[in-house]
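First up is the structure itself, then whatever we jot down about it.
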Amino acid sequence: MSSSRKKIIICAVLVALLISILEGAPHSLTKTYAASNPKITLQKTNRLIGPNYDTALSYLDMHSTVPTLTTVTNADGTISVFCADNSSYDVLVFEYSPDMSLIRTVTLPKPMLLFGAAAKDDEGNYYLFCGKELRESERDVNNMALVKCDNRGEIINYAEFKGYNEDIFNTVKIPFDFGTCRMEVSGDVVGVYFARLMFMYEDGVDYQASYGYMLNKESFERLDTGPFLPSEMTIPYVSHSFDQFVLPVENGFIIVDQGDVGPRGFSAAKLQRGEEIQSLTLLPFKPYSTYQYTFAQLGGVAETSDGYLLAGAYENCDAAYSTHNGSRNLFLIKMDADMTESGAPIWITHYTNMELENAANPKIVRLDGDRYLVMWESMSSAAYRKTCMAIVDKDGNIIKPITELPVGARLNNQDALRYNALTGAVHWAVSYDKSSITNYTFIPDLDLPAAIEEEPKDSGSGASASKDSGSGASASEDSGSGASASEDFGSGGADSGWATLEGFNSRDSSSEDSAYTVTGRVQSYNPKNPAVIRLLLDGAEQYTIDISAAAGQGMTEREFIFSGVAPGTYTLEITKALHTTYTVKNIVVTDRDVDLTADSRDGARLITLLTGDVTGDDFINTDDLEIIWSDENYNKIAVKASDRLADLNGDGSINVMDVNLLLCQINFNQGAVVID
């Protein structure tokens with residue numbers, strides 16, 4: 001290594017250390033919420049790492065993205081979470097014990113801004129792969145780097161790679177472009193595989209394809225020479241590769257691509273040292289009028305006792321006139337150990353209504369023995385609905401039925417699930433805002449709510465669509481108690497199911513013949529708190545319904561009726577403690593009664609108040625969370641807590657259920673809802 005390069009690296013390390021000191025360790029605050037499955041650990045950080053979950057329509061994107069949070073489970077049962085962004089020259093690593101207690105934080109130098117991937121070997125060494133974008137004129141510039149650090153974060157090996165080579169198929173102008181980057185360690189080999197934009201071809205086009213490096217993890221000696229060239233480990237070449245996955249296996253890796261052109265389909269390759277590469281095309285994608293849409297998502301691959309299981313989602317229909325033509329369903333494909341044969345898709349879900357249900361952001365990970373956890377998110381055509389799981393055997397047969405996870409625990413749509421053999425738990429991490437990481441510890445063998453229907457019943461109320469605030473709430477979904485809104489949530493009192501509330505006039509109607517009714521439905525949490533529903537005309541209150549406090553807990557649903565409403569264009573406003581304000585505009589009363597449950601707007605048909613606004617500022621964020629998990633409130637009964645309003649669900653205790661409810665993506669980082 002040249003002396004100038006050593007100086008640059010040493011400076012980067014010193015700068016990272018200085019920043020950490022000046023920031024006063026803003027990432028040192030950790031809180032764990034026990035007695036839940038999945039268990040949540042909230043970790044404070046100061047990195048711009050979100051979002052890394054599907055905010056609404058990511059599952060319909062044509063390509064994946066680089067993970068900003070990477071979780072690794074280690075051989076000793078500890079857990080490492082890498083936290084990276086493209087605005088700083090370092091990467092934070094949070095190290096946790098098996099019970100998710102924070103052990104320490106390590107800072108790793110990142111010599112190039114574009115983060116690609118992170119990994120850790122069994123000896124406790126860290127690996128980072130990063131890069132930078134080049135211009136067409138910068139063909140002699142190194143634009144990728146692999147860094148190896150010891151367990152203290154000090155560099156022990158470093159290598160750079162030049163983006164341009166005479167062979168155009170081996171050029172990297174922009175690394176990690178229109179795809180992701182994955183890095184794993186297998187034995188003494190570190191393998192990195194990623195999407196890249198190549199330098200301009202002779203026809204004037206910058207083509208996109210996959211690329212990678214296989215290196216000895218000690219010497220950084222390159223074991224490959226790129227695609228199409230003989231070497232100890234041959235890199236696959238997939239043109240228009242929009243997602244990549246790497247699984248370490250004995251003496252090598254399984255590499256999977258979501259390809260658009262060559263081949264157009266999911267493809268898998270087996271790379272082992274000294275062995276000829278073996279590859280399969282697993283699911284050819286239907287043609288489209290133009291390239292770049294595959295109607296699919298790659299979920300990863302797991303090793304079985306006699307082969308491999310690929311997980312993915314796909315529109316299994318002939319239509320291809322749009323980016324979304326039919327329900328996407330979760331499937332598995334079995335491959336033999338030699339990667340010479342594969343079976344037909346095994347469909348895990350059978351959704352049929354693309355407006356209501358799609359399998360999105362699929363995941364697969366091997367548990368103990370020949371059991372495999374598959375997870376996915378159920379999405380409407382535009383919004384998140386719920387997170388689901390099932391356990392299958394090595395042949396793809398379901399051995400634990402499809403089950404909904406409680407409280408809408410979101411999946412990281414960029415990173416893989418990680419199994420911890422010491423505890424039997426599966427780990428992943430998500431960032432819902434710019435200041436914290438939510439770590440999930442999920443034990444698939446523990447009891448969860450009963451199996452759900454694969455295809456929801458359409459009640460005609462438009463329940464699956466989102467509110468325009470982007471919260472994606474579902475009418476049939478309870479983000480707190482895991483039960484349906486029409487079920488009995490409390491002690492069986494008047495607030496435990498349907499109740500009809502009739503409004504009174506704050507002014508006289510001029511004529512009975514010109515007075516009509518306005519009816520609707522609203523669901524919210526904690527019936528012990530009162531609420532007010534108002535009809536406004538030109539900003540002035542005209543009619544009011546007061547919902548008094550009542551017994552019960554959880555989410556309750558009510559039908560409300562305003563009677564004697566004169567013609568006009570009204571605004572409906574609902575306020576309730578712990579919930580953000582909900583407003584529905586342009587309610588037009590002309591010559592007939594108005595039934596909002598038949599309204600064309602999703603957020604008017606079933607009004608779902610967002611809960612978690614403890615501070616009352618009409619926004620749900622970490623300020624509210626701090627109140628709930630403060631020592632004066634958390635794990636206390638409400639009557640003895642400093643702020644009894646921290647009891648979001650109304651069960652009389654301030655505990656993990658309230659935390660889960662606030663952190664649920666339906667609520668967290670959301671504000672007042674306005675339906676125009």
Side-chain angles (χ1 to χ4, degrees), residues 243 245-250 252-258 265-272 278-285 296-316 327-352 358-378 387-405 411 416-421 424-426 442-448 450-455:
D243 199 359
F245 189 87
V246 176
L247 175 74
V249 296
E250 185 178 3
F253 305 92
I254 301 296
I255 290 179
V256 185
D257 286 88
Q258 180 179 332
F266 289 121
S267 62
K270 188 173 187 178
L271 285 65
Q272 290 181 301
Q278 299 291 329
S279 59
L280 289 168
T281 299
L282 303 174
L283 179 65
F285 300 142
Q297 272 189 299
L298 174 61
V301 64
E303 186 174 13
T304 71
S305 60
D306 59 1
Y308 307 95
L309 274 178
L310 172 85
Y314 185 62
E315 294 175 12
N316 190 25
S327 283
R328 295 195 178 182
N329 279 287
L330 180 73
F331 70 88
L332 303 173
I333 291 180
K334 185 174 182 179
M335 298 169 277
D336 67 354
D338 296 329
M339 295 285 288
T340 57
E341 295 182 355
S342 62
I346 305 161
W347 296 99
I348 302 299
T349 62
H350 304 279
Y351 305 138
T352 58
N358 295 273
N361 309 310
K363 309 286 182 185
I364 186 170
V365 65
R366 184 173 184 171
L367 306 176
D368 58 315
D370 256 338
R371 302 188 310 137
Y372 305 86
L373 173 68
V374 288
M375 297 183 71
W376 67 99
E377 293 184 330
S378 167
T387 302
C388 303
M389 61 145 286
I391 297 178
V392 301
D393 64 16
K394 66 183 180 66
D395 298 314
N397 301 309
I398 295 178
I399 57 179
K400 182 170 184 175
I402 295 175
T403 307
E404 180 180 347
L405 266 69
L411 299 177
L417 302 175
R418 304 288 183 168
Y419 178 65
N420 193 332
V426 173
F442 176 54
I443 301 179
D445 289 320
L446 291 184
D447 290 336
L448 284 170
I452 59 174
E453 293 178 299
E454 290 182 9
E455 183 66 22

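Along the sequence shown, residues are numbered consecutively beginning with 1.
- Of the inter-residue distances, the one linking Glu377 atom CD with Asn361 atom CG reads 4.5 Å to the nearest 0.5 angstrom.
- A side-chain contact (heavy atoms from CB on, under 4.5 Å) with Met389 holds for exactly one of Val426, Thr403, Val374; it is Thr403.
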*Apply side-chain contact (heavy atoms from CB on, under 4.5 Å) to Leu310 and Leu298, showing your working.*
CA-CA 8 Å; Leu310 172 85; Leu298 174 61; 3.7 Å; yes
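- For Asp368, the salt bridge (Lys or Arg N to Asp or Glu O under 4.0 Å) test picks out Arg371, with sequence neighbours left out.
- To the nearest 0.5 Å, atoms CD1 (Ile348) and CG (Asn397) are separated by 8.5 Å.
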*asked:* Walk me through whether Phe442 and Leu405 qualify under side-chain contact (heavy atoms from CB on, under 4.5 Å).
replied: CA-CA 10 Å; Phe442 176 54; Leu405 266 69; 4.1 Å; yes
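- Within the 4.5 Å cutoff, the side chain of Val365 has no heavy atoms near those of the Lys363 side chain.
- Annotation: side chain of Phe331 is not in contact with side chain of Leu282 (no heavy-atom distance under 4.5 Å).
- Between the side chain of Gln278 and the backbone N or O of Thr340, no donor-acceptor pair lies under 3.5 Å.
- For the pair Asp393 and Thr304, the minimum side-chain heavy-atom distance is 4.5 Å or more.
- A side-chain donor from one of Thr349 and Asn329 sits under 3.5 Å from a side-chain acceptor of the other.
- Ring planes of Phe266 and Phe285: perpendicular class, angle over 60° (limits at 30 and 60°).
- Taken from CG in Leu330 to CD1 in Ile346, the straight-line distance is 10.5 Å, to the nearest 0.5 Å.
- Inter-residue side-chain proximity for Leu247 and Glu303 is flagged as met; some heavy-atom pair is nearer than 4.5 Å.
- In this structure, Lys400 contributes its side chain and Pro444 its backbone to a donor-acceptor pair below 3.5 Å.
- Here the side chains of Lys334 and Lys394 are in contact, with some heavy-atom distance below 4.5 Å.
- Atoms OG and CD1, from Ser279 and Ile254 in turn, are 11.0 Å apart once rounded to the nearest 0.5 Å.
- Although no hydrogens or angles enter the test, the distance criterion places a donor-acceptor pair under 3.5 Å between the side chain of Asn358 and the main chain of Arg328.
- When all heavy atoms are compared, the tightest approach of Ala313 to Pro362 is N-CG, 3.9 Å.
- Put simply, CG on Asp370 and OG on Ser305 are 3.5 Å apart, with the number rounded to the nearest 0.5 Å.
- Across Val301 and Phe245, no two heavy atoms sit closer than the pair N-CE2, 3.5 Å.
- Interatomic distance, Asp395 CG to Leu332 CG, rounded to the nearest 0.5 Å: 10.5 Å.
- The minimum heavy-atom distance between Trp376 and Ala390, with the atom names listed, is CZ3-N, 4.0 Å.
- The shortest side-chain heavy-atom distance between Tyr419 and Tyr372 does not fall under the 4.5 Å cut-off.
- Nearest heavy-atom pair, Ala268 versus Met335, reported as atom, atom and distance to 0.1 Å: CB-SD, 3.8 Å.
- Of all non-hydrogen atoms in Leu283 and Pro345, the two that sit nearest each other are CD1-CG, 3.9 Å.
- Between Gly343 and Ile333, the shortest heavy-atom distance links the atoms O-CG2, 3.6 Å.
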